[in-house]
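Treat the numbers as computed from the prediction; the structure is a model and nothing was measured. The residues of the chain are indexed from 1 along the displayed sequence. Reckoned from all heavy atoms, side chains included, excluding hydrogens, waters and symmetry mates.
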Amino acid sequence: MPQDASRHLAEGPRVGIRHFTYADGAEFTARARESKDLHHPWLFPPDSAAAYAAYAGRLIEDPTKAGFLVCEKDADGAIAGFININNIVEGGFLSGALGYGASAHAAGRGLMREGLDLVVRYAFGPMGLHRLEINVQPTNAASIALARACGFRLEGFSPNLLFIDGAWRDHERWAITKEMLRTAGKRT
């Protein structure tokens, strides 16, 4: 679905980020179906209209979640991937847990790195968060490389953290704080 750049919350040289809409369902589910091999066994994004409607509804309506589509600026706004901030906690914690996935056509092109940088800056800026965490299965080398490339640090290991693909899976915990972003010379 072509998207006007004015709908982007933030832009980089090649991508912009924007919130999910219900109207994105057809493209999102097509990208999810095209990307099954890339995502398995770590991630299972919705690949049907009904599943997308429920998924997008949670991201749109639940104040403890924020969903972002990473859209290419020079490809009619094609969805290159998605990044969600879940479990958003306010008050003294000001944190959230990130989850993400690339579309197969965008994998390995640096678009998700650009998108994740934009989401981190947006989270620490307009959203007012202080800390973001990514939980990654240790065998997901691409996801770990993305977290590392975007300045996240390895903070620990959590056995049996999440129930994925029929079993409780171990995860590494990667995190970044607003201060780390400033120290790295990136502006919020």
Side-chain angles (χ1 to χ4, degrees), residues 1-40 42-49 51-53 55-60 65-86 96-129 132 134 136 140-152 174 176 178 180-182 184-188:
M1 167 176 167
Q3 295 298 325
D4 184 329
S6 66
R7 293 189 54 189
H8 292 154
L9 300 166
E11 289 187 346
R14 298 181 298 154
V15 302
I17 58 168
R18 63 178 178 80
H19 287 298
F20 278 71
T21 70
Y22 290 108
D24 293 309
E27 182 183 0
F28 187 93
T29 57
R31 298 280 182 209
R33 288 189 299 274
E34 294 167 1
S35 305
K36 277 188 186 275
D37 291 341
L38 176 66
H39 295 155
H40 189 267
W42 304 290
L43 184 63
F44 301 89
D47 62 0
S48 72
Y52 177 82
Y55 177 79
R58 288 188 299 271
L59 294 170
I60 293 167
K65 300 180 185 310
F68 302 90
L69 293 173
V70 178
C71 299
E72 295 182 69
K73 288 172 49 178
D74 63 353
D76 291 330
I79 297 173
F82 61 95
I83 302 168
N84 299 332
I85 306 176
N86 299 297
L98 291 173
Y100 48 77
S103 298
H105 81 277
R109 295 174 45 206
L111 302 177
M112 286 300 290
R113 178 178 178 177
E114 189 176 319
L116 184 55
D117 281 338
L118 292 170
V119 169
V120 168
R121 288 197 315 266
Y122 188 81
F124 291 156
M127 290 181 70
L129 297 180
L132 295 169
I134 300 170
V136 183
N140 190 341
S143 189
I144 290 170
L146 178 58
R148 182 179 286 123
C150 289
F152 287 74
W174 292 78
I176 191 168
K178 191 171 187 174
M180 290 169 60
L181 196 65
R182 285 188 191 133
K186 298 178 182 177
R187 301 239 181 249
T188 57

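In terms of heavy-atom proximity, L38 sits nearest to A107 at CD2-CB, 3.9 Å. Among all heavy-atom pairs drawn from I134 and A147, the shortest one is CD1-CB, 4.0 Å. In this structure, P13 and E114 approach most closely via the heavy-atom pair N-OE2, 3.0 Å. Nearest heavy-atom pair, A104 versus S35, reported as atom, atom and distance to 0.1 Å: N-OG, 2.8 Å. The minimum heavy-atom distance linking L111 with A106 is given by the pair CD1-CB, 3.8 Å. For Y22 against A53, the heavy-atom pair with the smallest separation is CE2-O, 3.7 Å.
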Report task. Starting from the C-alpha separation in whole Å, work towards a yes-or-no answer on side-chain contact (heavy atoms from CB on, under 4.5 Å) for I85 and M127. Result -> CA-CA 11 Å; I85 306 176; M127 290 181 70; 3.9 Å; yes
Report task. Evaluate the side-chain contact (heavy atoms from CB on, under 4.5 Å) criterion for residues L146 and F152: first the C-alpha distance (whole Å), next the side-chain angles of each, then the deciding distance (0.1 Å), finally the verdict. Result -> CA-CA 9 Å; L146 178 58; F152 287 74; over 6 Å; no
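Looking at F68 and H19, their side chains come closer than 4.5 Å, going by heavy atoms from C-beta outward. Between L116 and R113 there is no side-chain heavy-atom pair separated by less than 4.5 Å.
The CH2 atom of W174 lies 14.0 Å from the CG atom of L98; values are rounded to the nearest 0.5 Å. Between W42 atom CH2 and N140 atom CG the span is 4.5 Å, to the nearest 0.5 Å. One finds the CD1 atom of I176 at 5.0 Å from the CG atom of L181 (value rounded to the nearest 0.5 Å). Here E11 contributes atom CD and C71 contributes atom SG; the two are 10.5 Å apart, rounded to the nearest 0.5 Å. To the nearest 0.5 Å, atoms OG1 (T21) and CZ (R7) are separated by 5.5 Å. A distance of 9.0 Å separates CD1 of I79 from OG1 of T29, quoted to the nearest 0.5 Å.
Taking the six-membered ring where the residue is Trp, F82 and F20 present perpendicular rings, their angle passing 60° and hence far from 30°. Ring geometry for Y52 versus Y55: interplanar angle of 30 to 60°, hence tilted.
Between the K73 side chain and the G12 main chain, a donor and an acceptor come within less than 3.5 Å of each other. Without hydrogens or angle criteria, K65 side chain to R58 main chain gives no donor-acceptor distance under 3.5 Å. Counting only distance, with no hydrogens or angles, the side chain of H39 and the backbone of R33 share no donor-acceptor pair below 3.5 Å.
Of the residues listed (R14, R109, R31), the one engaging E72 in a salt bridge (charged side-chain N to carboxylate O under 4.0 Å, His left out) is R109, and it is the only one. Across L129, L132, I83, a single residue satisfies side-chain contact (heavy atoms from CB on, under 4.5 Å) together with V120, and that is L132.
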